[in-house]
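Have a look at the structure below before the remarks.
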Amino acid sequence: MKQDFLKYQAQTSALPLNMEISHAKGSYIYDTSGKDFLDFVSGVSATPLGHNHPKVVNATKEQLDKYMHVMVYGEYAQKAPVDLCKLIANHLPEPLDKTYLTNSGTEAIEGALKLAKRITGRSEIIAAKKAYHGNTMGSMSVMGYEERKQAFRPLLPGIRFIEFNNEEDLLRITDKTAGVILETIQGGAGFIEPQNDYLAKVRKRCDQVGAVLILDEIQPGIGRTGKLFGFENYNCTPDIVVMGKGLGGGMPIGAFTASTAHMDLLMDNPKMGHITTFGGHPVIAAAALATLKEITETNLMAEALEKEQLFRKLLVHPLITEIRGKGLMLAPIMQSEDIANTVILKSQDAGLILFWLLFEGRAVRITPPLTISKDEIIKGCSIIISILDDILES
């Protein structure tokens, strides 16, 4: 299978991890030799309830027994996507009450950028340096990392960049700006949180000049920071909120939510201002609905903050300079990229799955399922510390 994987399936790097997967359940992934791996990554934040959660699996199977695809997005009323959009609205502050469902987070970003331009009649978009919002052409245009963009230029015109947490840069948001797009917590940059009420100050500046504020919750959203949406921690409500990854409980989904008045602009001038065949797919929506219900009806969000403290208590070592992030979106920062690489690769050999961040080479991604147990946290952290001890002694 490894040979066929490399020969027939397009790769994204020259050295993929190339583990042969048999099955996955709870906090563990199993390879074809029967070895189990404790998963501290959860599909890059995409499986907040762990692998094959029974409520998500059952909801998916029940919908499969009824029907799969029946019509392109927005034409038929279907219970699973309607109920999902209603539940999202019930857990968002006013006026965020209407949701457009997509196939992925990056597609939702594309829709949000279009909507900002449609709302304002302007074209300029302000994004953050070291931002990551996806890899389609529009999302790549607002990626603040030139090394990953230069081979694909020309991209969208009219994009300007500011430094995250730099208040002086907010003056670059003007009456020419259609929208400001920010990750609530910068992901690829190294899990950078907003400081000194930064997001509230961005919100105020957008209000002053009539710009739309888009917050990307694709990574921090769906309970990972102790709140359903990360922005709830930072005294700021966006005009458009974008979500993905964890919303699907392991199934592919994205969504962007705005006010009814704003979202309805996509219906006219032109009609079908944003369209998709498979967005809002009933099977995917059923999985997402089950995921969102479980997260909002249990103590998982509060427990995420307790588990964060356990991680911070256990991951103390001379080779770890700091731990960034919030809740179960954490990034221990190592003294060097080489140390981070060694920890990630040797952890897999020891039965623990860790991963990298896109732009911060010293970071080690820790984004486990919200359902991870404290014993599993202790087990995984002991592997990390043991590897760091070996590095220190060598």
Side-chain angles (χ1 to χ4, degrees), residues 1 19-70 73 78-88 90-91 99 101-105 107-108 217-219 221-224 228 243-255 278-301 303-304 307 328 351-353 355 367-377 380:
M1 185 163 64
M19 184 194 304
E20 290 187 350
I21 303 303
S22 168
H23 62 286
K25 188 174 180 61
S27 299
Y28 286 87
I29 297 173
Y30 300 82
D31 70 10
T32 51
S33 72
K35 183 176 179 179
D36 60 85
F37 297 82
L38 178 58
D39 187 0
F40 267 19
V41 177
S42 62
V44 188
S45 305
T47 55
L49 300 181
H51 299 286
N52 275 29
H53 190 282
K55 290 185 179 179
V56 178
V57 171
N58 290 339
T60 304
K61 288 179 177 179
E62 288 175 9
Q63 181 60 47
L64 279 169
D65 287 339
K66 296 174 183 176
Y67 62 91
M68 290 186 281
H69 179 67
V70 291
Y73 184 88
Q78 303 174 64
K79 183 171 176 56
V82 169
D83 286 352
L84 174 60
C85 291
K86 184 176 180 180
L87 186 58
I88 290 171
N90 289 342
H91 286 281
T99 295
L101 300 172
T102 66
N103 304 283
S104 65
E107 183 187 327
E217 289 275 346
I218 294 171
Q219 285 202 70
I222 319 301
R224 190 155 289 281
L228 190 59
M243 59 202 88
K245 288 191 183 295
L247 180 62
M251 298 289 268
I253 195 170
F278 289 113
H281 193 285
V283 178
I284 308 301
L289 180 61
T291 300
L292 195 56
K293 282 183 175 180
E294 183 70 8
I295 289 173
T296 57
E297 293 174 3
T298 64
N299 293 322
L300 284 173
M301 288 187 280
E303 291 172 3
K307 293 169 183 177
L328 289 178
L352 174 67
I353 296 174
F355 208 59
T367 54
L370 305 187
T371 51
I372 194 167
S373 71
K374 292 182 179 180
D375 284 344
E376 289 167 339
I377 292 172

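- In terms of modelled atom types and a separation under 3.5 Å, the side chain of T367 and the main chain of V41 share a donor-acceptor contact.
- Shown here are the side-chain contact (heavy atoms from CB on, under 4.5 Å) partners of Y30, two or more places apart in sequence or in another chain: H23, Y28, D36.
- The CD1 atom of I372 lies 12.5 Å from the NZ atom of K374; values are rounded to the nearest 0.5 Å.
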Walk me through it: do F278 and I284 pass the test side-chain contact (heavy atoms from CB on, under 4.5 Å)? CA-CA 10 Å; F278 289 113; I284 308 301; over 6 Å; no

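- A pairwise comparison of heavy atoms in A290 and A59 identifies CB-CB, 3.7 Å as the closest pair.
- Note that NZ of K86 is 11.5 Å distant from NE2 of H91, once rounded to the nearest 0.5 Å.
- Side-chain contact check for V56 versus E294: every heavy-atom pair is 4.5 Å or farther apart.
- Between the side chain of T47 and the backbone N or O of S42 there is at least one donor-acceptor pair closer than 3.5 Å.
- Between the side chains of E107 and T102, no donor N or O sits under 3.5 Å from an acceptor N or O.
- Atom NZ of K245 and atom OG of S45 lie 6.5 Å apart (nearest 0.5 Å).
- For F37, the side-chain contact (heavy atoms from CB on, under 4.5 Å) test picks out M19, D31, K35, Q348, I353, with sequence neighbours left out.
- Residue N90 holds its CG atom at 9.5 Å from OG1 of T296, rounded to the nearest 0.5 Å.
- Side-chain N or O atoms of Y73 include one that pairs as donor or acceptor with a backbone N or O of L101 at under 3.5 Å.
- Using a 4.5 Å heavy-atom threshold, the side chains of S27 and D39 count as separate.
- Between M251 and T60, the shortest heavy-atom contact is CE-CG2, 4.1 Å.
- Closest of all the heavy-atom pairs between T291 and L49 is CA-CD1, 3.8 Å.
- P282 approaches M68 most closely through the heavy-atom pair CG-O, 3.0 Å.
- One distance of note links CG of L292 with CG of L87; it measures 4.5 Å at 0.5 Å rounding.
- Here the shortest heavy-atom pairing between A304 and G223 reads CB-O, 4.1 Å.
- Residues L84 and I253 are in side-chain contact: their nearest non-hydrogen atoms beyond the backbone lie under 4.5 Å apart.
- At least one donor-acceptor pair under 3.5 Å links the side chain of R224 to the backbone N or O of P368.
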Evaluation steps, side-chain contact (heavy atoms from CB on, under 4.5 Å), between T298 and E303: CA-CA 10 Å; T298 64; E303 291 172 3; over 6 Å; no

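- Remark: L38 CG to I377 CD1 distance equals 9.5 Å, nearest 0.5 Å.
- Nearest heavy atom pair, residue L328 against residue K307, reads CD2-CB, 3.9 Å.
- No side-chain heavy atom of I222 sits less than 4.5 Å from a side-chain heavy atom of L370.
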